[in-house]
Every structure is written in C-alpha cells, then in structure tokens.
Number of protein chains: 2
Amino acid sequence: MAEEGTSTRARHTDVREPVGEDHPTCQLRDILDRVGDKWSVLVMHLLGAGPRRYSELQRAVEGISQRMLTLTLRSLERDGLVERAVTPTSPPRVDYALTPVGQTLSAQVAELITWAEQHRAYVAASRARYDAS
Amino acid sequence: MAEEGTSTRARHTDVREPVGEDHPTCQLRDILDRVGDKWSVLVMHLLGAGPRRYSELQRAVEGISQRMLTLTLRSLERDGLVERAVTPTSPPRVDYALTPVGQTLSAQVAELITWAEQHRAYVAASRARYDAS
DNA sequence: CAGGATCCGCAGTGATACTG
DNA sequence: CAGTATCACTGCGGATCCTG
C-alpha cells in the first residue's frame with residue numbers, strides 16, 4: 001500500500017499491438033493459458049529448484065490430485081517445457097525437470113511472483129477499500 | 001452484484017495449504033489468477049496503450065461479452081489496477097485507465113507476451129512431436 | 001511408485017433481454 | 001452508451017477405484 005505515486009515506473013517498452021483484433025490474441029492465449037493454469041506455474045516453480053520425482057511433486061504441491069499432477073506434467077512435457085525421465089527399476093521411478101526453455105519461462109514467472117510480493121499489500125488495501133463501498 | 005467477480009476464486013481454495021517449501025504459493029495464486037484470467041490480461045494490455053472507453057474496449061477485445069467485460073473491469077478496479085472515470089454527460093461516458101501499479105503489472109505481462117512470441121515456434125514444434133507419438 | 005479410467009458437482013462463461 | 005439481470009451450458013478439477 002501507500003505507493004500510489006512512488007512506484008510509477010511505467011515502462012512502456014513493449015509493443016502495444018491491437019490485441020483484440022484477431023491473431024495476436026490467439027498466440028497470447030496459448031501462453032496465458034499455460035501461466036493461468038492453476039497448477040502449471042506451481043509445478044514449474046518447484047522444478048525451477050531442480051529435478052523432482054512424481055511423488056515428491058505430489059507431496060510438495062500438497063493439495064493437487066494425481067489426476068491434475070499427471071495432466072499438468074503431460075501438458076508441460078508436450079509443450080517442451082518439462083522433461084520426463086523414466087528409470088525402469090523394480091519400483092518405477094520417474095524424474096521431471098525443466099528444459100532450458102522451460103527455465104526461461106520459469107524465470108518470467110519468478111518475476112511475476114516478485115511483482116506479486118511487492119504489490120500484495122497494495123492490492124489487499126485496494127480490495128478492502130473497494131469492498132467497503 | 002448478484003455474482004462475485006472474477007477474482008473471487010480464492011474461495012474454493014484451501015485455507016490451509018503448506019504447499020511444500022514455498023509459502024509464496026498463496027500470494028502467488030492471487031496474482032496468477034489475475035494473469036490467468038481469460039480477459040484481464042487482454043484488457044490490461046489494451047489499456048497499456050492509454051485510456052479507453054467501455055465501448056472501445058468491447059470493440060477492441062471483440063469476442064468478449066458485456067458481462068465479462070464489466071466483470072473483468074470491476075475486478076481490476078477492485079485490485080487497484082484500473083481506474084474508472086465516469087463523465088455524467090447526456091449519454092453516459094466512462095473511461096478506464098491503468099493505475100501506476102496497473103502499469104507495472106502490464107509491463108510484466110508484456111514480457112510474458114514477448115516470451116510467448118520468442119518461443120512460440122519451439123512450443124508448436126514440441127507439441128507436434130509429442131502428438132506424433 | 002507412477003499413472004490411467006471414470007463419475008460428477010459446480011464455478012466460470014456465453015447469449016439474451018432489459019434499464020437509466 | 002454503459003451497464004444489470006437471468007438462464008442454461010460447458011468443462012475444469014476433485015474424489016475414487018484400478019493397473020503395470
């Protein structure tokens with residue numbers, strides 16, 4: 001909170017394309033759906049710290065169902081963001097890790113997280129103020 | 001409002017979620033839900049180019065329903081990311097603009113878009129390869 | 001241990017109609 | 001023009017059972 005005027009770091013560096021028209025939106029949706037996915041980001045963020053096994057992920061993201069974890073990993077693997085390494089031992093062992101490209105996206109997400117931390121109080125205050133009226 | 005805004009998904013989210021060794025998860029959801037929202041990002045990106053009227057947004061994000069546009073704007077306003085300026089003229093006129101903080105988030109989103117553009121081909125190729133097996 | 005298959009509830013969304 | 005209200009549908013996501 002209390003940073004109305006201080007954090008006016010308006011970086012208009014980007015290319016403000018006519019997002020709504022036709023094609024720019026679609027490509028955008030692709031990546032946004034990925035980031036917007038309830039679990040994908042959490043999993044990617046966890047994998048950002050290093051490879052993990054299936055069960056480790058399931059415990060780490062405690063609250064995720066097997067179904068969703070599998071679905072999420074499959075989707076990330078399909079997009080080439082996560083790599084799946086199977087070790088056919090007596091009890092099967094599967095390790096997941098970010099691919100180089102996956103790491104770059106993970107980095108972007110990390111920045112988003114930083115943003116969230118920096119402006120969390122502000123958002124909370126805004127909501128409280130809004131809800132009060 | 002008979003229905004909660006787009007940002008009220010936190011309700012079905014567990015109150016107790018240790019989510020592994022990462023606490024940022026909770027705050028993370030907040031911002032991620034914002035970014036993951038189907039329309040929020042598009043609207044914010046458009047507003048990044050400057051203030052727009054309600055009808056302008058509706059035309060620009062062609063495909064969005066009045067309901068969703070209103071819900072999205074309300075939600076963004078509630079979070080202090082968008083400012084609503086009403087001009088009570090004969091035909092009502094309402095302008096929406098990003099707040100300073102909203103601009104910083106918009107900038108983050110812009111980077112995400114850049115990422116998407118840079119790695120779109122890679123992702124597409126990965127998918128094609130994956131689907132082929 | 002890793003994950004496929006199935007059932008199902010409900011939040012999120014769209015389409016439509018109405019209003020100040 | 002800028003919304004609000006209502007309804008009906010869809011598909012995400014959770015819970016549960018089963019397999020290699």
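Below, chain A is the first sequence line, B the second, and so on; all start at residue 1.
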N/O-N/O pairs, protein side and nucleotides 1-4 of chain D side, under 3.5 Å:
unit_1	atom_1	unit_2	atom_2	d
dC1(D)	O3'	R53(B)	NH2	3.2
dC1(D)	O3'	P92(B)	O	3.3
dA2(D)	OP1	R53(B)	NE	3.1
dA2(D)	OP1	R53(B)	NH2	3.1
dA2(D)	OP1	V94(B)	N	3.3
dA2(D)	OP2	S55(B)	N	2.9
dA2(D)	OP2	S55(B)	OG	2.7
dG3(D)	OP1	R74(B)	NH2	3.3
dG3(D)	OP1	R84(B)	NH1	2.2
dG3(D)	OP2	Y96(B)	OH	2.6

Inset, instruction - Using a cut-off of 6.0 Å, state whether more than 12 heavy atoms not belonging to Q103(A) lie near its atom CD. - result: yes
Inset, instruction - Would you mind reading off the distance between E77(A) atom CD and dA2(C) atom P, rounded to a whole angstrom? - result: 15 Å
Inset, instruction - Go through the structure and list residues passing side chain to side chain donor-acceptor pair (under 3.5 Å) with R52(B), not counting sequence neighbours. - result: none
Legend entry - Spacing of L71(A) atom CG relative to dA2(C) atom P, expressed in whole Å: 17 Å
Legend entry - Separation of atom CE in M68(B) from atom C1' in dT6(D), rounded to whole Å: 13 Å
Inset, instruction - Mind calculating the distance between CG (L42(A)) and P (dG13(D)) to the nearest angstrom? - result: 12 Å
Inset, instruction - To the nearest 0.5 Å, tell me how far E56(B) CD sits from L47(B) CG. - result: 10.0 Å
Legend entry - Sugar-phosphate, base or nothing in reach of D33(A), heavy atoms under 4.0 Å: nothing
Inset, instruction - Measure the shortest side-chain to side-chain distance between L98(B) and L105(B) over non-hydrogen atoms and say whether it is less than 4.5 angstrom. - result: no
Legend entry - Nearest-0.5 Å distance that lies between atom OH in Y96(B) and atom CG in L73(B): 5.0 Å
Inset, instruction - Report the distance from atom CG of L69(A) to atom P of dA2(C), rounded to the nearest whole Å. - result: 10 Å
Legend entry - Partners passing ring-ring contact (aromatic ring centres under 6.0 Å, His included) against W39(A) (at least two apart in sequence or in another chain): none
Legend entry - Protein-nucleotide distance (D37(B), atom CG; dC12(D), atom C1'), rounded to Å: 15 Å
